[in-house]
Peer 1: 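If you scroll down you'll find the structure; I have some questions about it.
Quantities reported herein were computed from a predicted structural model and do not represent experimental measurements.
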Amino acid sequence: QLQLVESGGGLVQAGGSLRLSCAASGRTFSSHIMGWFRQVPGKEREFVAAISNRGVSTYYAASVKGRFTISRDNAKNTVALQMNSLKPEDTAVYYCAAARWRWGTATDYSYWGQGTQVTVSS
């Protein structure tokens, strides 16, 4: 089992940057694909980015590609999301999640953090 705790959310002006972190407890962190999702009220949880278990491959939603970077440190059981050039439409609760086999949709992920709020003001 994995327990995930996000940190790093907050309020930032458009064009600014934030770095989200997710700390995992559990022995199987390095066996899991790690992903970031986001959700706004009234909408479904949206895929943002994912990284393979060894960090070799990364995947991004088209809306964030070129602005966000996902990374992981298996020695520290952490995954990060560096968010640059933030836009008001990036405002959401951001969730860290872990999956064993596939990365694309929320149903692929078995473990979730509690979420951290990111608010981008215009």
Peer 1: Only one of W36, F47, Y109 clears ring pair (Phe, Tyr, Trp, His ring centres under 6.0 Å) with W103; which?
Peer 2: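 So the option named by the test is F47.
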Peer 1: Within a reach of under 6.0 Å around CZ of R102, are more than 12 heavy atoms found that belong to other residues, nucleotides or ligands?
Peer 2: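 For R102, atom CZ is not crowded (no more than 12 foreign heavy atoms under 6.0 Å).
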Peer 1: Just grab all the side chain to side chain donor-acceptor pair (under 3.5 Å) pairs involving residues 39-49, residues at least two apart or on different chains.
Peer 2: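 Found R38-E46, Q39-R45.
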Peer 1: Work out which heavy atom in V56 is nearest to a heavy atom in S52; give both atom names and the distance.
Peer 2: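 The pair with the smallest heavy-atom distance is N-OG, 3.1 Å.
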Peer 1: Please table the atom pairs, donor to acceptor, closer than 3.5 Å between any side-chain atom in residues 10-26 and protein atoms at least two apart or in another chain.
Peer 2:
unit_1 : atom_1 : unit_2 : atom_2 : d
S17    : OG     : N84    : OD1    : 2.9
R19    : NH1    : Q82    : OE1    : 3.4

Peer 1: Please check if I70 and V64 belong to a single hydrophobic cluster, counting links between Ile, Leu, Val, Met, Phe, Trp and Tyr side chain heavy atoms closer than 4.5 Å.
Peer 2: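 Cluster IDs for I70 and V64 match.
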Peer 1: Donor-acceptor check, side chain of Y59 to backbone of I51, threshold 3.5 angstrom: yes or no?
Peer 2: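 Between the backbone of I51 and the side chain of Y59 there is no qualifying donor-acceptor contact (under 3.5 Å).
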Peer 1: Crowded around Q3 CD? As in, over 12 foreign heavy atoms under 6.0 Å?
Peer 2: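 No, because the 6.0 Å sphere around CD of Q3 holds 12 heavy atoms or fewer from other groups.
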Peer 1: Roughly how far, to the nearest 0.5 Å, is the OG atom of S71 from the CG atom of L81?
Peer 2: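 Answer rounded to 0.5 Å: 8.5 Å.
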Peer 1: Is R72 positioned over the aromatic face of F29, cation under 6.0 angstrom from the ring centre and no more than 45 degrees off axis?
Peer 2: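 Because its charged atom sits under 6.0 Å from the ring centre and within 45° of the axis, R72 does stack over F29.
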Peer 1: Apply side-chain contact (heavy atoms from CB on, under 4.5 Å) to the pair I33 and R100, showing each step before the final yes or no.
Peer 2: CA-CA 6 Å; I33 297 164; R100 281 294 279 122; over 6 Å; no
Peer 1: Any donor and acceptor pair, going by atom type alone, linking the side chain of D90 with main-chain N or O of L86 inside 3.5 Å?
Peer 2: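 Looks like no, no N/O pair under 3.5 Å.
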Peer 1: For residues Y60 and T69, report the shortest heavy-atom separation together with the two atoms involved.
Peer 2: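 Between these two residues, the closest heavy atoms are OH-CA, 3.4 Å.
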Peer 1: Taking all non-hydrogen atoms of both residues into account, name the closest pair between C96 and V79 and its distance.
Peer 2: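 Minimum heavy-atom separation between C96 and V79: SG-CG1, 3.8 Å.
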Peer 1: Taking all non-hydrogen atoms of both residues, which atom of Y111 and which atom of Q1 are closest, and how far apart?
Peer 2: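 Closest approach of Y111 to Q1: OH-CA, 3.6 Å.
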Peer 1: If I compare all heavy atoms of D108 with all of A99, which pair ends up nearest, and what's the gap?
Peer 2: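 What the structure gives for the nearest pair is O-CB, 3.2 Å.
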Peer 1: Should V93 and W112 be regarded as members of a common hydrophobic cluster, given that ILVMFWY residues are connected when their side-chain heavy atoms come within less than 4.5 Å of each other, either directly or indirectly?
Peer 2: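 Yes.
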Peer 1: With a 4.5 Å cut-off on side-chain heavy-atom distances among I, L, V, M, F, W and Y, is there a chain of contacts connecting Y94 to L2?
Peer 2: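 Same hydrophobic cluster.
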Peer 1: Let's go through Y95 and F37 carefully: what are the C-alpha distance in whole Å and the side-chain angles of both, what is the deciding distance for ring-ring contact (aromatic ring centres under 6.0 Å, His included) to 0.1 Å, and is it a yes or a no?
Peer 2: CA-CA 5 Å; Y95 296 90; F37 286 74; 8.7 Å; no
Peer 1: With rounding to the nearest 0.5 angstrom, report the NE2 to CE distance, H32 to M34.
Peer 2: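 Rounded to the nearest 0.5 Å, the NE2-CE separation comes out at 8.5 Å.
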Peer 1: Taking all non-hydrogen atoms of both residues, which atom of V40 and which atom of A92 are closest, and how far apart?
Peer 2: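 Taking V40 first and A92 second, the nearest heavy atoms are CG1-CB, 3.7 Å.
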